[in-house]
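When reading the values below, keep in mind they use all heavy atoms of this one structure, side chains included, and skip hydrogens, waters and symmetry mates.
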Amino acid sequence: MKVEEIPLNLVKRPLPRQNDPQKVEALMKSIAEIGLQEPIDVLEVDGQYYGFSGCHRFEACQRLGKHSIKARVRKAPKSVLQMHLA
């Protein structure tokens, strides 16, 4: 799996999550000081990016005003996306 810089606005988050505000704040501080150390994981299905993990990192980057995020991109067919949505 390769790591890419993906524009935040292209990553779809189909499953709503409740993030821990304290964890997001801590990540924001860390990312601002040393950068994002661990990429999020995304599925690429038909040219669309779907994120199911890394919710706190994703929100921290958004709140910091970042335009992109480091992501491990795994290409997958629609059937794999459907399994994640089930």
Quiz item: What residue pairs, at least two apart or across chains, pass ring pair (Phe, Tyr, Trp, His ring centres under 6.0 Å) with a residue in residues 18-43?
Solution: none

Practice problem: For V80 and R74, run side-chain contact (heavy atoms from CB on, under 4.5 Å): C-alpha distance rounded to whole Å, both residues' side-chain angles, the deciding distance at 0.1 Å, then the answer. | Solution: CA-CA 11 Å; V80 171; R74 181 170 61 120; 4.1 Å; yes

Practice problem: Please list all pairs passing the ring pair (Phe, Tyr, Trp, His ring centres under 6.0 Å) test where one or both residues lie in residues 15-47, with sequence neighbours left out. | Solution: none

Practice problem: Sequence neighbours left out, what pairs pass salt bridge (Lys or Arg N to Asp or Glu O under 4.0 Å) with at least one residue falling in residues 20-33? | Solution: E25-R63

Self-check item: side-chain contact (heavy atoms from CB on, under 4.5 Å) evaluation trace for F58 with V11
Solution: CA-CA 9 Å; F58 185 84; V11 179; 3.8 Å; yes

Quiz prompt | Set of side-chain contact (heavy atoms from CB on, under 4.5 Å) partners for L10, sequence neighbours left out | solution = P7, Y49

Practice problem: Identify, with sequence neighbours excluded, every residue that meets side-chain hydrogen bond (donor to acceptor under 3.5 Å, both in side chains) alongside S68. | Solution: E5

Exercise. Check whether I69 and V24 end up in the same hydrophobic cluster, where Ile, Leu, Val, Met, Phe, Trp and Tyr are linked by side-chain heavy atoms less than 4.5 Å apart.
Key: yes

Quiz prompt | I6/K70 under side-chain contact (heavy atoms from CB on, under 4.5 Å): CA gap, chis, key distance, verdict | solution = CA-CA 6 Å; I6 305 291; K70 285 186 212 173; over 6 Å; no

Exercise. Could you pull out all residues at least two apart from P21 that satisfy side-chain contact (heavy atoms from CB on, under 4.5 Å)?
Key: none

Quiz prompt | salt bridge (Lys or Arg N to Asp or Glu O under 4.0 Å) involving E4 - partner list, sequence neighbours excluded | solution = K2

Exercise. To the nearest 0.5 Å, tell me how far Q62 CD sits from H67 NE2.
Key: 12.0 Å

Quiz item: Is there a chain of hydrophobic side chains (I, L, V, M, F, W, Y, each step under 4.5 Å between heavy atoms) that links V73 to L81?
Solution: no

With a cut-off of 3.5 Å and sequence neighbours excluded, list every side-chain donor-acceptor pair involving residues 34-46.
residue	atom	partner	partner atom	Å
Q37	NE2	I34	O	2.9
Q37	NE2	G35	O	3.2
E38	OE2	R72	NH1	2.9
E38	OE2	R72	NH2	2.9
D41	OD1	R72	NE	2.7
D41	OD1	R72	NH2	3.2

Self-check item: Sequence neighbours excluded, every pair satisfying side chain to side chain donor-acceptor pair (under 3.5 Å) that has a member inside residues 8-19
Solution: K12-Q48, N19-E59

Exercise. For F52, check ring pair (Phe, Tyr, Trp, His ring centres under 6.0 Å) against everything at least two apart and list the hits.
Key: H84

Self-check item: Between SG on residue C55 and CG on residue L27, distance to nearest 0.5 Å
Solution: 11.5 Å

